[in-house]
Amino acid sequence: MSNFFSETVTSVRHWTDTLFSFSTTRTPAFRFISGQFTMIGLKVEGRPLLRAYSMCSANHEERLEFFSIKVQNGPLTSRLQHLAQGDTLLVGKKPVGTLIQDNLLPGATLYLLGTGTGLAPFAAIIKDPDTYDRYEKIVLVHGCREVAELGYGEQTVTQVLADEFLGELATEKLLYYPTVTREEFRNTGRITTLLETAKLQKDLGLKPLNRETDRVMLCGSPAMLQDLHQFLKDSGFEEGNHSEPGHFVIEKAFVEK
Ligand code: A2P
């Protein structure tokens with residue numbers, strides 16, 4: 001039996017020279033938890049060429065959605081960026097990942113901190129009604145170099161706020177904080193700096209980070225993860241995993257080498 005589902009591409013959108021998103025059909029038997037990732041790819045010269053990608057779609061959605069960088073010499077993304085409607089995408093049958101609610105202790109505020117394509121798992125999590133059942137506030141922070149790179153996240157948040165079923169709850173509970181580091185914008189600065197100075201909380205009218213009430217999910221580049229991991233540990237937060245829930249969980253954004 002194959003390890004992959006063969007899905008059909010239903011739409012593709014290019015956001016910048018380096019970022020695009022795409023949707024595919026979803027075989028109903030493909031079950032996952034919002035926030036997880038799986039191997040996806042293309043058949044190249046008869047063999048599957050695969051990389052890990054987080055699902056941006058929530059577990060209840062009919063389509064699968066992915067958010068990707070384009071690396072000109074990257075074995076997979078140099079090909080994937082030319083995907084068009086009707087193409088076939090291989091989707092691994094075994095989703096995995098640590099950015100799931102059961103790896104966190106109960107809390108009141110959930111911080112989703114992502115840079116670049118590290119937004120992807122959080123796109124799924126903010127579309128999942130379970131997130132709103134568990135928390136009073138959900139704070140989505142997306143850090144990018146330039147404003148254009150925020151586009152996919154902005155669109156996702158707009159859709160959630162307008163959603164027929166989730167919109168009202170999301171309007172009450174979801175706080176979205178896009179920030180850029182290399183251009184003028186209404187919010188600027190790295191996520192690390194925004195947390196260290198508590199500017200994030202001041203801007204959003206929240207209390208400073210507190211391990212009694214706050215839970216954190218991190219997804220981004222290795223440097224960002226390392227710095228935020230250290231910051232959280234210094235703040236008394238403990239990392240959770242599948243065997244023991246904690247105050248925060250980490251996943252690297254899957255950047256193709
Ligand atoms: P900066 O422009 O100051 O490097 P990248 O595209 O390199 O992955 O970066 C995405 C975003 O993450 C950028 O805004 C970048 O800021 C920021 N960033 C890079 N390294 C770190 C880090 N160690 N901690 C927090 N943010 C970071």
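Every number for a ligand or one of its atoms is a count from 1 in the order of the listing. This structure is a prediction, so every number in the text was calculated from the model and none was measured.
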Sorted by chain and number, the residues that approach ligand 1 to under 4.0 Å with a heavy atom: Thr115, Gly143, Cys144, Arg145, Thr181, Arg182, Arg190, Thr192, Ala223, Met224, Asp227

Residue pairs fulfilling ring-ring contact (aromatic ring centres under 6.0 Å, His included) with at least one residue in residues 88-145, sequence neighbours excluded: none

Selection residues 184-236 - residue pairs positive for ring-ring contact (aromatic ring centres under 6.0 Å, His included), sequence neighbours left out: His229-Phe248

Non-neighbouring partners of Ile33 that pass side-chain contact (heavy atoms from CB on, under 4.5 Å), sequence neighbours left out: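 side-chain contact (heavy atoms from CB on, under 4.5 Å) list for Ile33, sorted by chain: Gln36, Ile100.
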
Presence of salt bridge, Arg211 and Glu238, under 4.0 angstrom: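 Salt bridge between Glu238 and Arg211, a charged N being under 4.0 Å from a carboxylate O: yes.
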
From Val216, Ile250, Ile191, residue fulfilling side-chain contact (heavy atoms from CB on, under 4.5 Å) relative to Leu228: Ile191

Six-ring centre of Phe4, Lys93 cation under 6.0 angstrom, axis tolerance 45°: no

